[in-house]
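Each chain gets a letter, A, B and so on, in the order its sequence line appears, and its residues count up from 1.
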Amino acid sequence: MNESTKEILERPLHGVYRWWGDRVFLAVAVILGISIIALGVTMAWVLFREGSMAINEFGVWGFMKGRVWDPGVNFVFGALPFLFGTLVTSIGALAIAFLPAIAIGIFIAEYAPRWLGGIIENLIHLIAAIPSVVIGIWGIFVFAPWMREKVYMPVFLWASENAPSLLPIIGTPIGYGMTTATIILALMIIPYTTALTRDAIRQVPKEQREAAYALGATKWEVIRMAVLPYARGGILSGAILSFGRAIGETMAVAMLIGNKNTFPFSIFGPAATMPSVIINEFREAVGNLHLSSLMAVGLALFVISLIVNLIAAYIIRKHSITGGQAV
Amino acid sequence: MKTLRRRQIQDKIMEGLLVVSTITILIPLLIIIAYVVYNGFGALNWSFFTEELGSPARAMQGQPTGLVHTMIGTLVVDFIGLVLAVPVGVGAGIMLSEYPEHKLNPILRIMNDTLNGMPAILKGLLAFALIVKPMGTFSGLAGGVALAFVMIPIIARTTESSLMTIPWSIREAGLAIGLPRWRVVLSTVMPAAKTGLVTGFLIAFARAAGEAAPLMFTSFGNNYLPNHWTGMIFGPVDTLPQRLYSLAISPYAQWHQMGWAAAIVLLSFVIILFVTARLLTRQKNY
């Protein structure tokens with residue numbers, strides 16, 4: 001035993017330093033860790049408490065099935081339009097984004113030479129970093145007017161001459177509406193889905209590919225038969241996490257969806273989603289019941305996000321060999 | 001039966017499809033960036049960085065207006081968020097990585113991932129109920145708390161993964177020379193993982209800096225600089241993302257121009273943070 005170690009051991013504070021030090025340190029870490037758990041629980045509890053007035057007034061199912069949202073005259077609140085708007089735009093966005101995102105993921109991981117893959121990857125990261133409001137301002141001033149001129153108006157005029165019965169389904173082509181919001185949402189989740197797909201494909205062991213090559217498979221056959229089946233759990237959970245992203249995406253959607261609170265929605269016409277109605281009305285809401293209803297919409301959003309995230313976590317755990325971690 | 005020739009043709013077709021779809025997706029995304037850069041730099045001028053916003057009349061009469069109060073407010077609110085989030089996130093990350101045997105870890109990990117996936121707007125609602133309602137006023141503090149809720153799960157996750165990259169032999173070496181466990185973590189593991197930790201903070205900070213949804217009903221917004229600096233913390237404060245939204249949906253053409261300017265400032269800020277984070281990780285890898 002050399003001298004310095006001896007000194008340490010003979011220090012009067014040694015017990016404090018060792019025994020208490022370890023316990024205090026662990027206690028602090030655990031308290032901070034528990035505060036994250038508490039944060040999640042508090043979120044659920046607060047949303048429930050704040051939304052309970054609306055839930056008591058209309059009942060859980062009455063609120064979720066209510067088709068009328070009338071904060072002005074009758075003070076009747078039903079969340080169905082927003083639930084519908086959220087699900088339709090998110091599912092639509094995922095449907096648009098899914099295949100292209102997987103294609104880019106495969107391209108980066110399997111085809112692109114190292115330098116090109118690096119460039120594309122950095123581009124994807126760059127795009128994922130663009131704040132939602134910035135995409136929103138582009139949508140308002142560039143994309144929505146362009147879509148109105150080039151897509152919505154021609155379709156609308158064609159329909160009014162040839163198929164007037166379709167007009168209510170197509171809706172007014174003001175440019176700000178469900179289709180615009182869905183396309184922008186798709187653009188916004190593509191980087192996310194791509195990154196998760198690429199990660200899943202990168203985790204496929206080399207032997208898996210080499211075995212397929214040894215059987216004489218072409219490159220695409222290797223990807224289709226050896227790589228994709230192996231990575232499917234990761235890709236699927238990535239898609240579900242992207243769906244969760246789309247559900248919660250707020251600013252760009254609120255800026256582009258046109259914000260119409262009542263049914264019927266139409267394909268090109270304005271609509272609303274759960275986050276967009278909260279953003280638009282929360283700052284101006286005066287009635288207690290109105291505020292409480294918005295909080296109840298938030299609670300519904302919480303529950304849906306929770307389910308989506310837990311499903312994704314379950315799929316990752318079930319499919320990955322390492323029992324791995326999300327994202 | 002498929003001949004070799006057909007399989008090779010199919011192989012080429014799929015390769016072509018992948019290349020084409022990669023290009024068609026990247027183009028619109030690059031167009032967005034090009035538009036923001038072009039319009040944003042066109043709308044920037046000196047008074048944008050020196051003047052307050054004021055009432056819409058000020059912009060419509062052509063008087064100099066700017067967003068100096070917004071940029072200061074953004075920094076204040078973002079840093080409040082970072083200061084609140086770092087201890088919690090790092091603590092949880094240490095618990096996950098250094099005490100893997102702890103019984104609460106599986107729950108913590110699931111909860112952290114779930115919180116990370118929760119829409120940011122719900123974090124704003126939570127901060128509204130916890131801070132704004134009891135205080136009776138919108139405030140920069142409430143905005144900072146809302147952003148901390150956004151950052152915490154990210155920091156916990158990045159802390160955990162950067163501590164995990166440090167080999168166990170480092171810890172064993174520390175324990176072998178008689179260091180207590182907490183000293184091992186603080187003096188050997190954390191310094192070794194320093195770059196990773198800082199990268200995580202930067203990523204969380206950048207992600208939160210671009211969020212408008214949690215700020216709409218916590219820091220609320222303000223057209224003027226507060227009279228006293230405490231107004232930045234205890235009064236309504238302007239922040240770039242939230243101001244950008246208000247400008248974009250306003251009916252004034254001059255404000256739309258300022259919106260583009262705000263967009264380029266916000267985008268540059270966020271991208272600089274991300275690029276710094278990426279450069280830091282790159283240095284570590286080589």
Subject >> Whether A:Asp22 side chain and B:Trp182 backbone form a donor-acceptor pair below 3.5 Å >> reply: yes
**OP:** Could you check B:Val88 against A:Ile36 for side-chain contact (heavy atoms from CB on, under 4.5 Å), going step by step and ending with a plain yes or no?
**Re:** CA-CA 8 Å; B:Val88 181; A:Ile36 289 186; 4.0 Å; yes
**OP:** Answer whether the closest heavy-atom distance between the side chains of B:Leu125 and A:Val46 falls below 4.5 Å.
**Re:** no
**OP:** Measure distances from A:Arg245 to the heavy atoms of chain B and classify the residue's part below 4.5 Å as side chain, backbone, both or neither.
**Re:** side chain
**OP:** Anything in residues 246-253 of chain A with a heavy-atom distance to chain B below 4.5 Å? Please list those residues in order.
**Re:** A:Gly248, A:Thr250, A:Met251
**OP:** Could you list all the salt bridge (Lys or Arg N to Asp or Glu O under 4.0 Å) pairs where at least one residue sits in residues 14-39 of chain B, not counting sequence neighbours?
**Re:** B:Lys12-B:Glu15
**OP:** To the nearest 0.5 Å, tell me how far A:Met43 CE sits from B:Leu126 CG.
**Re:** 5.0 Å
Original post:
How would you list, by chain and number, every residue that makes a ring-ring contact (aromatic ring centres under 6.0 Å, His included) with B:Phe149, sequence neighbours excluded?
Top reply: none
**OP:** Identify the two heavy atoms, one from B:Arg7 and one from A:Gly216, that lie closest to each other, and give their separation to 0.1 Å.
**Re:** NH2-O, 2.8 Å
Original post:
What part of B:Ile271 is in contact with chain A, defined as an atom under 4.5 angstrom from a non-hydrogen atom: side chain, backbone, both or neither?
Top reply: side chain
**OP:** Select one option (side chain, backbone, both, neither) describing which atoms of B:Val36 are under 4.5 Å from chain A's heavy atoms.
**Re:** side chain
Subject >> Row check, A:Phe25 ring normal vs B:Arg181 NZ/CZ: under 6.0 Å, within 45° >> reply: no
**OP:** Could you tell me which of B:Phe274, B:Phe128, B:Phe220, B:Phe138 has the largest number of non-hydrogen atom pairs under 4.5 Å with chain A?
**Re:** B:Phe220
Original post:
Can you find a pair of side-chain heavy atoms, one from B:Pro28 and one from A:Leu187, that are under 4.5 Å apart?
Top reply: yes
Original post:
Given a strict heavy-atom distance threshold of 4.5 Å, which part of B:Val275 is in contact with chain A: side chain, backbone, both, or neither?
Top reply: neither
Original post:
Heavy-atom distance under 4.5 Å to chain B: side chain of A:Val41, backbone, both or neither?
Top reply: both
**OP:** Select one option (side chain, backbone, both, neither) describing which atoms of A:Leu310 are under 4.5 Å from chain B's heavy atoms.
**Re:** side chain
**OP:** Counting only heavy atoms closer than 4.5 Å, note whether A:Val142 contacts chain B via side chain, backbone, both or neither.
**Re:** side chain
Original post:
When you measure from the side chain of A:Arg283 to the backbone N and O of B:Phe217, does any donor-acceptor pair fall under 3.5 Å?
Top reply: no
**OP:** For A:Phe141, look at atom CZ and say whether over 12 heavy atoms of other residues, nucleotides or ligands are found less than 6.0 Å away.
**Re:** yes
Subject >> Residue A:Thr194 versus chain B: region with a heavy atom under 4.5 Å >> reply: neither
**OP:** Sort by residue number and list every member of residues 116-125 of chain A having a non-hydrogen atom under 4.5 Å from chain B.
**Re:** A:Ile120, A:Asn122, A:Leu123, A:Ile124, A:His125
**OP:** State, to 0.1 Å, how close B:Ala263 and A:Val134 come at their nearest heavy-atom pair, and which atoms those are.
**Re:** O-CG2, 4.0 Å
